[in-house]
Amino acid sequence: MTAFVVIDHVDQVFPLPNGQSYIALKNINLEIRKGEFVSLLGHSGCGKSTLLNIIAGLAQPAAGGVLLEGRQVTKPGPDRMVVFQNYSLLPWLTVRQNIALAVDEVMKHLPAQERRDIVEQHIDMVKLRQAADKTPGKLSGGMKQRVSIARALAIRPKLLLLDEPFGALDALTRSGLQDQLIQIAQEHHLTCIMVTHDVDEALLLSDRIVMLTNGPESYIGQIIDVPFERPRERMAVVNHPNYYALRSEIVYFLNQQKKAKQRKVKQAAIARNGLEKINLEIGFVPLTDCAPLVVAKEMGFFQKHGLEEVTLSREPSWKAIAEGVTSKRLDAAQMVAGMPLALTLGMGGKVPTPVVTGVVLSRNGNAITLSKRLYDEGVRNLADLKGALAAAPDRVHTMATVHPASMHNLILRYWLASADIDPDQDMHLTVIPPPQMVATLKAGNIDGFCAGEPWNTHAIKENIGFVIAHDLDLWIGHPEKVLGVREDWANQYPQTHLALVKALLEACEYCDDRRNRPQIAELLAKPEYVGAELEYIRAGFLDPYDRGDGKPPEQLLRFNQFHIDITNCPSRAEGLWILTQLARWGITPFPRNWIEILDRVRRMDVYGEAARQLDFPDLEPNREPFALFDGTVFDPDDPIGYLNSLRIKREIRIEEIDIDHPAIVVAA
Amino acid sequence: MATNISTRPRSNPYAPNWGSKIIKALTNFVPTLVAIVVFLLIWQLLCSGPNATLPGPIQVLQDTWDPLIIDPFFQGDGTDQGLFWQLAASLKRVAIGYFLAAIVGIALGILVGVSTIMFRALDPIFQVLRTIPPLAWLPISLAAMRDAQPAAIFVIFITAIWPIIINTGVGVQNIPQDYNNVAKVLQLSKPKYFVKVLLPATVPYIFTGLKIAIGLSWLAIVAAEMLTGGVGIGFFIWDAYNSGAISEVILAILYVGLVGLLLDKLITFIGKLVLPED
């Protein structure tokens, strides 16, 4: 029994005047620990206040129930005091009388003097001594809300419920009261549930942010853990390296909800040209190596293969891509190489969603950028970095990658570990969407990152970082981006999937012809695609690559590799290496049934069929052990032996993973 | 700095001086005064012809100056009393009837407001009864009471009670949900809820009802007294009419109007004392 508040499968239904009913909430399930601060966030009308009223006991749910310390909530009570949005002070009583009314009623058992002391103490706590004998009509909005908070806190509720407490206040008053609430909540170890629509307020105050989808039938769309340490302070929160990543994730969710409201009816599949569906929505992240998708669209390869209505959807982060594909919002997406495997295995405690890939879209193209500060400290190579880390043991060095299952994360960790730097113990690794890397590095919130172009070049041109290593130093020709679709989608639209793979194969071939690259670079620079300076996109892609370390730029012919040397084959051995690394760092368990998993996720059959139809050679790389820059040999016949031989690793879980019958995931 | 303080003018430059106060009072008062004068002039003109059936204002003043105006406290036999006593007798009846109506009306209003069942049961009855003109009650009440005095008071009571009940009921039903939520969350006891939340929240509505009711009862008393007789301004008017003393009728009507205005102001004043400012 760890949960303090349990919201157990709550539904709320309101009858409509026309005899039908409106389902406001559907299957809301949430557990809240003692001392936790949880925010309910969503657009207006999403039922967040309805949910709060149910927790308060002011409304009864149509189904399900709420437990507080194991007891069902059936009616309102002072153990769940509410701070209402419109203050709800009694206008005929003074500030003192308003608070005293609550204290006298709830704490009847205490002697009168003690009750008076409590009232006075709380008047002081919210700094309203001067206004104690005034009626609410003579107070400003902020003061009224302070009275309301004082009244709520004075009766020592087990659970404090706040319904958009600062919604009606001006910005200055609001931030002052937020600071006060943080302090009070921390001092009294309050368990709080707050309804808000203010993203920054939620980030500042909460331990967890529960985001509700639009009504009708609102459900919990996503829960975000806010990792900022407590005690919290406004500036420290805003400067936290994850702040903007979290913020953009929330804003993204809210925007998705807004879009969903506008879209309402999802476009049905249009079948034509012998394909099951020719209207596709394909997600991409603004990076130089989204080129195959842009080329397929702009140069007519989609059209050529019958996919007449393809929309490319620019997504802010890889997490958004994963969400888009699993939630069926996107038909397909450009994915980081490890994502289909990680989603299939149920990364991060999520329900496994089988996602398959039939084609690798690009290889290489990444670099590890460190801050100029480290350069000035003399860091030129990995050994120097280790020295710099050892020299400043008190400083937490933070590096960012773009997604836990991305090659950036896996290779950066591999690279660090090869020099005996434990990426979790000696450093702090965090996830930030690629387009935000430069701003975060500039703000000094991270010390470096591993990401694709043009973001490394951007940092170099801004003179805030330098490239310490790029893919050609680490693993020439590693798989980087793949096409990902849900397995059920691939089974439902097999011909469409094949056409899509064929169009992309041709687009990849087009991308690797250097004569086409100036034109492609200009396409990519457009705001609807990457939207970066042409010069940044050309670096490495076409022009010599400047590492920003004072050495002359060098021409890297294989920096962005789209077709040559069997680029597009989703070979299983590489997939297996990814599985070992995901397990090495505790991102997913290692599947004992890895052969089955790889067979289902890396669709060599689709790739082979597409290649044969296009008269491309249907080749798979030789199945033999390979090594990265450090020479450690990976033998695809003995992944577990390989895992065991690694020195720096997390605790490795080896499990039989049944994709079709996932074990029921119990939320911790 | 000291020089600054000593040279600063003592009086507050923002406080209005006496001159401007008087001007302000005059600007408020003069239009009213002019309107009254114009009204009196028209009246005088209309009633100065040889065929005029009603006396003009000067005539009224001449007829009633002695003894009615200068000696309102005259006490004679029976109904032969000064105007003050006539008004006082009427006011006493109104006071009793109105007071009873207020007590019963507020109680019934709260009952109807709090309980949906009571509302459904009683509201249709109230809606029918409240449309009955006050004088229509008089025969029944005379038949029941067999005495003019309580019958008149009953008419006042029955006239005044409806707006009080209805406004109080609406007031209780319209207590802001926020206040009720606070009471529910705090689990306020019934008596405490009544005193601290229900009553204060309903007071503005109650006073609206009381204000309408005082006007209605003053209307009703004059009519009722005309029929029941005895000392009272209503019977005085009827009596003066029967004696052909139209000037006395007009003077009495003027007094009725002024007293009605004062009663209205009195309730507003009490309301202001009781109501919260917000």
Side-chain angles (χ1 to χ4, degrees), chain A residues 49 52-60 73-95 97-108 134-141 144-145 147-148 151-152 154-163 168, chain B residues 102 106-107 109-110 113-117 119-120 164 167-211 267-278:
Chain A
S49 291
L52 197 78
N53 280 345
I54 291 173
I55 301 169
L58 290 167
Q60 292 302 313
V73 168
T74 52
K75 58 176 185 175
D79 52 345
R80 283 157 283 120
M81 185 61 193
V82 188
V83 174
F84 297 94
Q85 183 180 10
N86 41 10
Y87 328 125
S88 296
L89 301 173
L90 301 178
W92 44 86
L93 300 180
T94 64
V95 168
Q97 288 166 336
N98 262 297
I99 301 175
L101 177 70
V103 171
D104 290 345
E105 188 68 28
V106 176
M107 302 185 157
K108 287 188 197 107
K134 289 188 179 156
T135 51
K138 298 205 175 90
L139 303 182
S140 68
K144 282 189 232 178
Q145 196 56 286
V147 181
S148 182
R151 176 177 65 182
I155 59 172
R156 292 272 170 276
K158 290 176 182 164
L159 179 62
L160 185 64
L161 303 170
L162 302 121
D163 189 358
Chain B
I106 292 172
I110 290 173
V114 169
S115 154
T116 328
I117 293 178
F119 178 78
R120 288 190 189 135
I164 299 177
N167 279 284
T168 307
V170 168
V172 174
Q173 284 166 349
N174 283 355
I175 294 176
Q177 192 55 40
D178 299 332
Y179 301 162
N180 285 335
N181 281 346
V182 169
K184 279 192 214 158
V185 171
L186 293 177
Q187 291 179 341
L188 285 188
S189 61
K190 280 265 156 62
K192 207 157 186 178
Y193 170 74
F194 185 80
V195 175
K196 294 281 186 181
V197 179
L198 187 141
L199 216 48
T202 319
V203 159
Y205 290 87
I206 293 179
F207 268 90
T208 308
L210 289 177
K211 212 171 141 180
I267 299 294
T268 311
F269 176 70
I270 295 173
K272 267 199 188 138
L273 288 185
V274 176
L275 285 180
E277 287 159 55
D278 188 13

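Since the model is a prediction, treat every value here as computed from it, not as a measurement. Chain letters run A, B, ... following the sequence lines, proteins first, then strands; residues in each count from 1.
- Of the two parts of A/Ala56, neither the backbone nor the side chain holds a non-hydrogen atom closer than 4.5 Å to a non-hydrogen atom of chain B.
- Proximity to chain A involves both the backbone and the side chain of B/Ala201, based on heavy atoms less than 4.5 angstrom apart.
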Side-chain polar contacts of residues 186-196 of chain B - donor-acceptor pairs under 3.5 angstrom, sequence neighbours left out - could you list them?
residue: B/Gln187; atom: NE2; partner: A/Pro76; partner atom: O; Å: 2.9
residue: B/Lys192; atom: NZ; partner: A/Glu105; partner atom: OE1; Å: 3.4
residue: B/Tyr193; atom: OH; partner: B/Asn180; partner atom: OD1; Å: 2.6

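- Interface residue A/Arg151: only side-chain heavy atoms are found under 4.5 Å from chain B.
- Between A/Val83 and A/Ala152, the closest heavy-atom pair is CG2-CB, 3.7 Å.
- Within the 4.5 Å cutoff, the side chain of B/Ile110 has no heavy atoms near those of the B/Thr202 side chain.
- Heavy atoms closer than 4.5 Å to chain B are found in the side chain of A/Ile155, but not in its backbone.
- Listed options A/Ser88, A/Gly57, A/Ala102, A/Pro157 were ranked by heavy-atom pairs under 4.5 angstrom with chain B; first place goes to A/Ser88.
- For a residue to count as touching a neighbouring chain, one of its non-hydrogen atoms must lie under 4.5 Å from one of that chain's; by this rule A/Val82 touches chain B with backbone and side chain alike.
- Residues satisfying the salt bridge (Lys or Arg N to Asp or Glu O under 4.0 Å) criterion with A/Lys158, sequence neighbours excluded, are A/Glu69.
- The minimum heavy-atom distance linking A/Asn98 with A/Pro136 is given by the pair ND2-CG, 3.8 Å.
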